[in-house]
Amino acid sequence: MQRAIDWDGEAIVIIDQTALPARLTTVRLQTVEELVDAIRSLAVRGAPALGAAGALGVALAVRTTPDDHDAVRAAAARVAAARPTAVNLSWGVRRALTRLPDGPDAVLAEALAVMEEDERVNRLASGRAADLVRQLCERRPLRLLTHCNAGALATVGWGTALGVVRHLAETGDLDMVYADETRPLLQGSRLTAWELKQLGVPYRICPDSAAASALATGRVDCVVVGADRIAANGDTANKVGTYPLALAAARHQIPFLVVAPESTVDETLASGDQIVIEERDAKEVTHVAGTPVAPPDAEVYNPAFDVTPADLITAVVTEKRTLRFRRT
Ligand code: MRU
């Protein structure tokens, strides 16, 4: 399968996620400015994919100005600042920058290593999380609910929360997946549903406002989501709407798992209240597919992410660790 983000030897190639599910098209990004635009418009998105974008962005910059390290660092800073919440973006930038003294080939090699590692660690993390789901939930086959898109499109390969779905489907333990629609940009209905269809996994799209009812009425065995930044105490930033889902899951004693690579853990932040939450354009809320659905000039609150306190999370699972929090 075409990777969500890749390197073709000269440029970054991404699947244009703004065109899905209508069209599966790729875009070549040949400059840092094109990359920054693609990150801001969510043509490339999802925390682990942003890690690869950050590292490849530095590789692109160093090819443009190989002898001007100040210019490379300035370009790297623009890439890192393109979106503030997913820590993977600045992590990927920093990782590639460590090889700047060794020249363009070394920087590119580091970026390619970031990409190769991504699929491997996502497989590992999601495999560990799938085992935990099997332990925590008795019912077979299982019904999962997920929010936003934490699949292959959000990573370099395999996915995190959807990686769990794939592991469970492989062993015949999966019945179906509820894919939260994920207003306002519909990553659930546009991207997760598209991926599940490709995988042949039965799914139902669930309006965000119906998710708590799906949990309350016994339709879901486990909630599994990805993450954009996990603070040292386990508080987790993920797509807005994750926090109310965790509240509902705790109310109904349904396990709530966060699955992410270690690169999403930000040990420099003691707790989630220190995580910067991106606020996005009002038009994402006031317009649907270009059509106004609110009065002109309506004021809007449009945070792209929210923070789920660790005590609402059953476990945060990475490729290395399982951190247990909520016990009921
Ligand atoms: O705004 P997005 O689409 O980049 O938000 C993505 C998410 O919130 C994902 O759940 C998260 O990055 C994890 S992806 C494995």
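Note that ligands are numbered from 1 as they come in the structure, with each ligand's atoms numbered from 1 the same way. Computed from a prediction, not measured in an experiment: that's the story for all the values here.
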4.5 Å side-chain heavy-atom contact, Asp6 and Leu56 | no
Check ligand 1 against the protein and report each N/O to N/O distance under 3.5 Å, formatted as atom name, atom name, distance.
unit_1, atom_1, unit_2, atom_2, d
ligand 1, 1 (O), Arg83, NH1, 3.4
ligand 1, 1 (O), Arg83, NH2, 2.8
ligand 1, 1 (O), Lys239, NZ, 2.7
ligand 1, 3 (O), Arg45, NE, 2.5
ligand 1, 3 (O), Arg45, NH2, 3.4
ligand 1, 3 (O), Gln187, NE2, 2.9
ligand 1, 4 (O), Gly46, N, 3.1
ligand 1, 4 (O), Arg83, NH1, 2.8
ligand 1, 8 (O), Asp228, OD1, 2.8
ligand 1, 8 (O), Asn238, OD1, 3.2
ligand 1, 8 (O), Lys239, N, 3.1
ligand 1, 10 (O), Asn238, OD1, 2.6
ligand 1, 12 (O), Ala47, N, 2.9
ligand 1, 12 (O), Asp228, OD1, 3.3
ligand 1, 12 (O), Asp228, OD2, 2.9

Leu247 and Leu145: same hydrophobic cluster, using ILVMFWY side-chain contacts below 4.5 Å?
-> no
Backbone N/O of Thr182 and side chain of Asp180: donor-acceptor pair under 3.5 Å | no
Does the distance from a Lys or Arg side-chain N to an Asp or Glu carboxylate O, for Asp131 and Arg134, drop under 4.0 Å?
-> yes
Name the one of Ile12, Leu29, Leu60, Val27 that satisfies side-chain contact (heavy atoms from CB on, under 4.5 Å) with Glu34?
-> Leu29
Hey, is CZ on Arg251 packed in by over 12 heavy atoms from elsewhere, all under 6.0 Å?
-> no
